[in-house]
Amino acid sequence: MEESGSPSRPSPGPSQAVYTDIDGTVTAYNTIFEFLRFDAADRSCAGEAEEFLAGLRSAASNGVPRSVTNARYFGWWRGRSVAEVKELGERWADLQAESPDTWPFLEPVASLLDAHAMSGRRIVAVTASFAPALVRVRRRWPQLELLCTAPRSAHGLYTGDIEEALVGDAKARAVAAHAAAHAVDLAASFAYGDHHSDLQFMALTGESLLVTPEPVTPEPVTPEPVTPGTLNAPAPVG
């Protein structure tokens, strides 16, 4: 398990939370796409996987909404055992941990999350990904709570359908519901994202940061402050 090296800090109490996107914000790769590739390699169907992913990319480039392409993604898992895919996620996380330079976490958000975690704040992933693809992320931040896309299942098998794609306004609704359920003070909380579709949930918190990572390289990226007056750059997390 990968561990953070942040010093211990006093807890600010459970009323503060950190809501963060994952792909392109915390990880330098798309978790669900790369998890699908891992599955395809495991089952010797890499060509089929690339054709499937190319179809999703083509749809996106032709203006198909992200919510639709995200829903289509889960068709790959139709008929698969939920338990099998969960175990696959554990094996993928083991492989990633063996090659951390190949599967880097992104700065500055990873270090900010380390500091938030040591300060006792709730850490909440707000992502269109799903739990089996996020095992390595949860190993680094064991307290991580998930607001993610939920694939439907029946009789222990994935149906290929989802409850709702967690993108755009769905992320904002999920964050608002989580905050209400857990008495989170959103004005005292933090949010991180990397895409304009994240701005809706980020606008709910008192401090936020929109970053522009470059997933093709493991080097730290320079944070880009969001528009003044709309969102604020994060205060120190001590």
Side-chain angles (χ1 to χ4, degrees), residues 20-99 102-103 105 124-142 144-171 173-174 177-178 194-195 197-198 201 215:
T20 185
D21 173 60
I22 298 298
D23 297 343
T25 301
V26 175
T27 61
Y29 51 90
N30 184 297
T31 55
I32 54 176
F33 279 24
E34 296 306 323
F35 183 49
L36 186 152
R37 288 188 171 107
F38 177 72
D39 174 59
D42 193 57
R43 297 190 297 128
S44 301
C45 57
E48 180 184 349
E50 292 306 322
E51 182 178 352
F52 180 83
L53 293 175
L56 297 182
R57 289 192 296 269
S58 176
S61 66
N62 288 326
V64 175
R66 296 181 86 195
S67 59
V68 175
T69 56
N70 182 248
R72 289 179 184 175
Y73 164 86
F74 286 93
W76 176 265
W77 305 102
R78 182 178 293 111
R80 301 287 295 282
S81 162
V82 174
E84 172 200 346
V85 176
K86 180 180 179 181
E87 187 272 338
L88 186 73
E90 295 288 342
R91 287 198 284 117
W92 189 45
D94 290 341
L95 175 69
Q96 291 173 301
E98 292 172 0
S99 305
T102 303
W103 304 99
F105 291 108
V124 185
V126 189
T127 175
S129 188
F130 73 134
L134 297 168
V135 175
R136 177 169 175 257
V137 179
R138 298 188 84 177
R139 286 182 182 179
R140 174 156 176 171
W141 296 284
L144 185 74
E145 301 172 49
L146 292 186
L147 300 177
C148 61
T149 299
R152 291 176 177 165
S153 63
H155 309 295
L157 304 177
Y158 284 122
T159 67
D161 299 319
I162 61 174
E163 296 298 329
E164 180 180 38
L166 212 71
V167 300
D169 62 346
K171 285 189 175 185
R173 286 187 276 106
H178 178 275
D194 75 308
H195 190 267
S197 64
D198 294 326
F201 87 82

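Quantities reported herein were computed from a predicted structural model and do not represent experimental measurements.
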Where [X] and [Y] come nearest, the two heavy atoms and their spacing:
| X | Y | value |
| --- | --- | --- |
| C148 | S129 | CB-O, 3.2 Å |
| A93 | V135 | CB-CG1, 3.6 Å |
| A170 | L166 | O-CD1, 3.8 Å |
| A133 | W92 | O-CZ3, 3.4 Å |

Pairwise distance [atom1]([X]) to [atom2]([Y]) - rounded to 0.5 angstrom:
| X | Y | atom1 | atom2 | answer |
| --- | --- | --- | --- | --- |
| S67 | E164 | OG | CD | 9.0 Å |
| I162 | F74 | CD1 | CZ | 6.0 Å |
| L53 | L36 | CG | CG | 5.0 Å |
| W76 | D39 | CH2 | CG | 6.5 Å |
| T27 | E34 | OG1 | CD | 9.5 Å |
| D23 | N30 | CG | CG | 4.5 Å |

(request) Classify the side-chain pair R66/S197 by whether it contains a donor and acceptor separated by less than 3.5 Å. (result)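 There is such a pair between these side chains.
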(message) Assess, by modelled atom type and distance only, whether the side chains of E84 and Y158 contain a donor and an acceptor separated by less than 3.5 Å.
(response)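 Side-chain D/A pair, E84 to Y158: absent.
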Counting distance only, does the side-chain N/O of [X] pair as donor-acceptor with the main-chain N or O of [Y] below 3.5 Å?
| X | Y | value |
| --- | --- | --- |
| N70 | A165 | no |
| R78 | T159 | yes |
| Y73 | I32 | yes |
| S99 | Q96 | no |
| T127 | I22 | no |

(request) Please report the C-alpha distance between H178 and L147 in whole Å, then the side-chain angles of each, then the deciding distance to 0.1 Å, and finally whether the side-chain contact (heavy atoms from CB on, under 4.5 Å) criterion is met. (result) CA-CA 8 Å; H178 178 275; L147 300 177; 4.0 Å; yes
(request) State which residue, out of R91, R37, R80, fulfils the salt bridge (Lys or Arg N to Asp or Glu O under 4.0 Å) condition with D42. (result)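 For D42, the salt bridge (Lys or Arg N to Asp or Glu O under 4.0 Å) test succeeds with only one of R91, R37, R80, which is R91.
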(message) Would R136 pass as a cation-pi partner of F105, given that its NZ or CZ must be under 6.0 Å from the six-membered ring centre and within 45 degrees of the axis?
(response)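 Yes, R136 sits over the ring of F105.
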(request) With side-chain contact (heavy atoms from CB on, under 4.5 Å) as the test, would you mind laying out the steps for V82 and L157 before giving the verdict? (result) CA-CA 5 Å; V82 174; L157 304 177; 5.9 Å; no
(message) Can you confirm if the aromatic rings of F35 and W77 lie within a centre distance of less than 6.0 Å?
(response)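 Ring-ring flag for W77/F35: true, centres closer than 6.0 Å.
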Tell me, do [X] and [Y] make a side-chain contact under 4.5 Å, heavy atoms counted?
| X | Y | value |
| --- | --- | --- |
| K171 | D198 | yes |
| S58 | N62 | yes |
| L144 | L146 | yes |
| F38 | R43 | no |
| F52 | F33 | no |

(request) Could you walk me through whether V124 and T20 pass side-chain contact (heavy atoms from CB on, under 4.5 Å), step by step? (result) CA-CA 6 Å; V124 185; T20 185; over 6 Å; no
(message) Looking at E51, I'd like to know if its CD atom is crowded, meaning that more than 12 non-hydrogen atoms belonging to other residues, nucleotides or ligands lie closer than 6.0 Å.
(response)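 For E51, atom CD is not crowded (no more than 12 foreign heavy atoms under 6.0 Å).
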(message) V26 vs D21, test: side-chain contact (heavy atoms from CB on, under 4.5 Å). Steps then yes/no.
(response) CA-CA 7 Å; V26 175; D21 173 60; over 6 Å; no
(message) Apply salt bridge (charged side-chain N to carboxylate O under 4.0 Å, His left out) to residues E90 and R139 and explain how you reach the verdict.
(response) CA-CA 10 Å; E90 295 288 342; R139 286 182 182 179; 2.8 Å; yes
